Structures are given as C-alpha cells and as structure tokens.
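Computed from a prediction, not measured in an experiment: that's the story for all the values here.
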Amino acid sequence: MALQSMTGFARREGSSGRWRWAWELRSVNGKGLDLRLRLPPGLERMENDVRRLAGEHFSRGNMQASLSLSAGESRTETVLNQEALSAVLALRDQLGGIIDPAPLQLDTLLSIRGIIEFRDSEDGDEAIAARDADVVAGLIAALSDLRQMRELEGAALARILLDHVSTIEGLTLMIERDPSRSPQEIATRLAAQVAMLMNGSGTLDRERLHAEAALLATKADLREEIDRLKAHVVAARDLLGKGGPVGRKLDFLAQEFNRESNTICSKSNAAAVTAAGIELKVVIDQFREQVQNLE
C-alpha cells in the first residue's frame with residue numbers, strides 16, 4: 001500500500017438532468033478521521049453514505065466535504081382545477097336566463113382565479129434517484145482524486161523520511177566507531193582518573209575505588225542504546241516500505257529514537273559523541289515533524 005499524506009484537495013462537478021452539482025474535499029492533519037459535511041437542504045439523507053465512503057478511502061485526517069447543488073431552467077406546466085371549472089359552468093347554467101349563454105372563451109377562463117394554475121414541474125422519483133446516484137458517483141471520483149493527491153505527497157514524504165533514517169543510521173555508526181568507546185581508551189581514562197584520586201588522598205580503598213570505577217564504566221557504556229537505535233532504523237525502513245496508514249507507528253518510533261539519543265547525550269564522556277548525539281536529536285526532531293503529516 002502507498003503512503004499517504006493527510007493534506008490534499010479535490011473538486012468534482014457535473015450535471016444530472018436539469019441539475020448541476022459540485023463536490024469540494026479538503027483534508028489536513030488529524031489524530032483520527034474527522035469528517036465535517038455541508039450538504040444542501042433536502043440531501044441530509046446522504047450523510048451516512050458520504051461518511052461510509054470516506055471511511056473506505058481514508059483512516060486519518062480532518063476532512064471537509066461540501067456539496068453544492070443548483071437546478072437549471074425549470075419547466076412550466078399548467079394545472080386545471082376541475083372542481084373550480086365545474087362550479088363556474090354550473091353557475092353559468094343557473095344564470096342562463098339572466099346572462100348571455102354564449103360559450104366561455106379561454107381568455108375568460110384564464111382571468112378567473114383558481115381555474116388554471118401555472119407552476120414549475122417537479123422531478124419524478126426516477127429523476128431524483130438518477131440525480132442522487134450521479135452525485136454519489138461524483139463523490140467517489142472526488143475521493144479517488146483526493147487519495148491520489150495524498151499518495152503523491154506521501155511518496156515525497158517517504159523520500160524525505162528515508163533520508164532522515166539514513167542520517168540517523170550514519171550518526172549511530174559514527175558514535176559506535178568513536179575511539180572513546182574502545183576498551184583501551186576507557187581503561188586508560190579510568191586509570192588516569194583513579195590515579196588522580198589516589199594521589200589526592202591516601203586513605204581511599206584502592207580495591208573499592210577500582211570496583212566503583214568499573215561500575216561507572218558499565219553504566220556509561222552505550223552498547224544497548226546503539227543496538228536499539230539500529231533496530232529502530234530497521235523498523236522505520238520496514239514501515240516506510242510497507243506503506244499504508246503507518247503514521248502512528250512511525251511517531252512511536254520517533255519517540256524511541258529521541259529516548260535513545262537523550263540517553264547517549266547524558267552518558268557521553270567524549271566531546272565527539274556528545275556532538276553526534278546532539279546532531280542526532282536534531283535529525284530525529286525533523287523526522288518526527290514530517291511523520292505528523294502521514295496518515
């Protein structure tokens with residue numbers, strides 16, 4: 001599966017019969033999938049379908065989906081009020097001996113309110129169903145466009161994140177190979193520190209001092225942190241290669257990267273290792289910042 005960014009925009013528009021419709025979709029970062037809808041009056045019934053379709057395409061992101069719908073030129077139809085016409089004709093018959101019994105003319109009927117009405121014709125159920133189906137098809141196309149845009153940005157983010165992972169790996173190896181971590185260097189440094197302490201005070205227990213120095217050397221060892229960083233590098237590359245909604249997992253790895261870099265800086269007793277640890281923290285912050293954009 002492809003990686004997706006959580007930001008994107010898509011627009012689809014079309015027509016169905018005398019109706020024109022347009023979908024606009026916007027997506028930004030979010031902890032989960034939060035969809036806000038703007039539907040025209042009378043189309044609230046589509047909300048469940050819209051939410052279901054959005055959930056089939058995406059798992060995270062704050063999304064806005066708005067639908068605009070406008071009717072084209074309406075058709076006018078005439079409606080004859082049969083009851084009113086019958087009442088007028090009955091009245092004419094009643095008054096036949098009083099008024100001129102000539103046949104009623106069309107213009108006379110049109111002048112009588114309520115006999116003939118002109119109104120916009122309404123779409124039938126089939127036309128409404130066809131329009132709604134076209135609107136839903138447009139939504140599916142817009143969701144696909146949005147997904148494509150998010151995947152394109154996700155691919156770009158993947159390249160950036162892989163570069164950061166490579167930098168983290170390089171700094172980890174630099175720390176691992178630093179001469180200050182060699183057994184000989186550690187032994188030399190400890191011997192010099194013990195000698196300084198012994199020269200300063202003749203009452204110190206030499207054996208106890210060596211034991212404490214050995215304990216401090218063990219605590220200052222960076223082997224575990226280096227091994228965990230290497231394991232996190234492998235896991236990050238695996239997730240980026242697998243794709244899909246892996247943003248939360250990568251965010252967790254970023255926290256673990258940061259934890260190990262903090263420990264390395266606190267344990268470091270060499271300027272080169274401390275400098276590499278600080279640079280490591282900077283790269284990890286950049287990595288985590290970009291991860292926040294991934295689904």
Side-chain angles (χ1 to χ4, degrees), residues 1-75 120-162 239-251 286 288-295:
M1 296 177 63
L3 285 173
Q4 286 191 47
S5 164
M6 285 189 285
T7 58
F9 172 82
R11 177 182 172 87
R12 280 278 181 154
E13 57 184 58
S15 61
S16 180
R18 68 187 184 94
W19 296 91
R20 288 202 60 81
W21 53 264
W23 280 105
E24 278 197 3
L25 308 179
R26 302 174 186 272
S27 174
V28 295
N29 297 357
K31 293 183 179 180
L33 181 59
D34 182 15
L35 179 62
R36 286 174 287 176
L37 297 178
R38 292 178 58 188
L39 299 174
L43 289 182
E44 294 84 359
R45 63 182 181 278
M46 299 180 65
E47 179 172 350
N48 289 336
D49 287 336
V50 175
R51 293 188 180 279
R52 175 181 57 80
L53 291 168
E56 291 175 359
H57 285 76
F58 310 107
S59 63
R60 290 181 68 193
N62 287 328
M63 298 181 60
Q64 293 181 352
S66 61
L67 170 65
S68 60
L69 186 67
S70 60
E73 184 177 352
S74 61
R75 300 182 298 274
D120 293 339
S121 62
E122 296 182 355
D123 293 323
D125 292 341
E126 291 185 1
I128 293 296
R131 181 202 67 186
D132 291 354
D134 289 339
V135 169
V136 171
L139 171 63
I140 294 173
L143 289 169
S144 297
D145 292 344
L146 180 62
R147 183 183 181 92
Q148 183 178 13
M149 183 175 182
R150 286 176 39 146
E151 287 179 351
L152 287 173
E153 187 171 342
L157 285 175
R159 292 190 291 270
I160 295 172
L161 290 171
L162 285 171
L239 288 171
L240 289 169
K242 182 172 62 176
V246 296
R248 285 194 179 94
K249 293 180 179 179
L250 286 169
D251 185 55
Q286 295 171 348
R288 189 175 185 183
E289 183 178 352
Q290 294 295 343
V291 164
Q292 305 306 312
N293 298 317
L294 281 182
E295 183 183 36

Practice item. Flag yes if more than 12 heavy atoms outside E56 fall under 6.0 Å of its CD atom; otherwise flag no. Key: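 Enclosed.
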
**Study point:** L250 and R288: CA distance, side-chain angles, deciding distance, side-chain contact (heavy atoms from CB on, under 4.5 Å) verdict
**Key:** CA-CA 8 Å; L250 286 169; R288 189 175 185 183; over 6 Å; no

Is any side-chain heavy atom of [X] less than 4.5 Å from a side-chain heavy atom of [Y]?
X    : Y    : answer
R20  : L69  : no
M46  : V135 : yes
D132 : R45  : yes
L143 : F58  : yes
L146 : R26  : no
V136 : L53  : yes

May I ask you to decide if [Y]'s main-chain N or O and [X]'s side chain share a donor-acceptor pair within less than 3.5 Å?
X    : Y    : value
E295 : S59  : yes
Q290 : Q286 : no
W21  : G138 : no
R60  : G30  : yes
S27  : M63  : no

Working to the nearest 0.5 angstrom, can you tell me the gap between [X] [atom1] and [Y] [atom2]?
X    : Y    : atom1 : atom2 : value
L67  : E47  : CG    : CD    : 12.5 Å
R147 : L152 : CZ    : CG    : 12.0 Å
L294 : Q4   : CG    : CD    : 9.5 Å

Less than 3.5 Å apart, which donor and acceptor atoms pair up between the side chains of residues 34-43 and the rest of the protein, not counting sequence neighbours?
none

**Study point:** Charged N-O contact under 4.0 Å between D251 and R248
**Key:** no

Practice item. Give the intermediate values and the outcome of salt bridge (Lys or Arg N to Asp or Glu O under 4.0 Å) for residues R131 and D134. Key: CA-CA 5 Å; R131 181 202 67 186; D134 289 339; over 6 Å; no

**Study point:** Residue pair N29, N62: steps toward the side-chain hydrogen bond (donor to acceptor under 3.5 Å, both in side chains) verdict
**Key:** CA-CA 6 Å; N29 297 357; N62 287 328; over 6 Å; no

Report, one line per pair, each donor and acceptor closer than 3.5 Å where one atom sits in a side chain of residues 7-15; sequence neighbours left out.
| from | atom 1 | to | atom 2 | distance (Å) |
| --- | --- | --- | --- | --- |
| T7 | OG1 | S5 | OG | 3.1 |
| T7 | OG1 | E153 | OE1 | 2.9 |
| T7 | OG1 | E153 | OE2 | 3.0 |
| R11 | NE | E13 | OE1 | 3.1 |
| R11 | NH1 | E24 | OE2 | 2.8 |
| R11 | NH2 | E13 | OE1 | 2.9 |
| R12 | NE | D145 | OD2 | 2.7 |
| R12 | NH2 | D145 | OD1 | 3.4 |
| R12 | NH2 | D145 | OD2 | 3.4 |

Check your understanding: Which heavy atom of L3 sits nearest a heavy atom of A158, and at what distance?
Key ->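 Shortest heavy-atom contact: CD1-CB, 3.4 Å.
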
**Study point:** Partner set under salt bridge (charged side-chain N to carboxylate O under 4.0 Å, His left out) for E289, not counting sequence neighbours
**Key:**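 E289 satisfies salt bridge (charged side-chain N to carboxylate O under 4.0 Å, His left out) with no other residue.
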
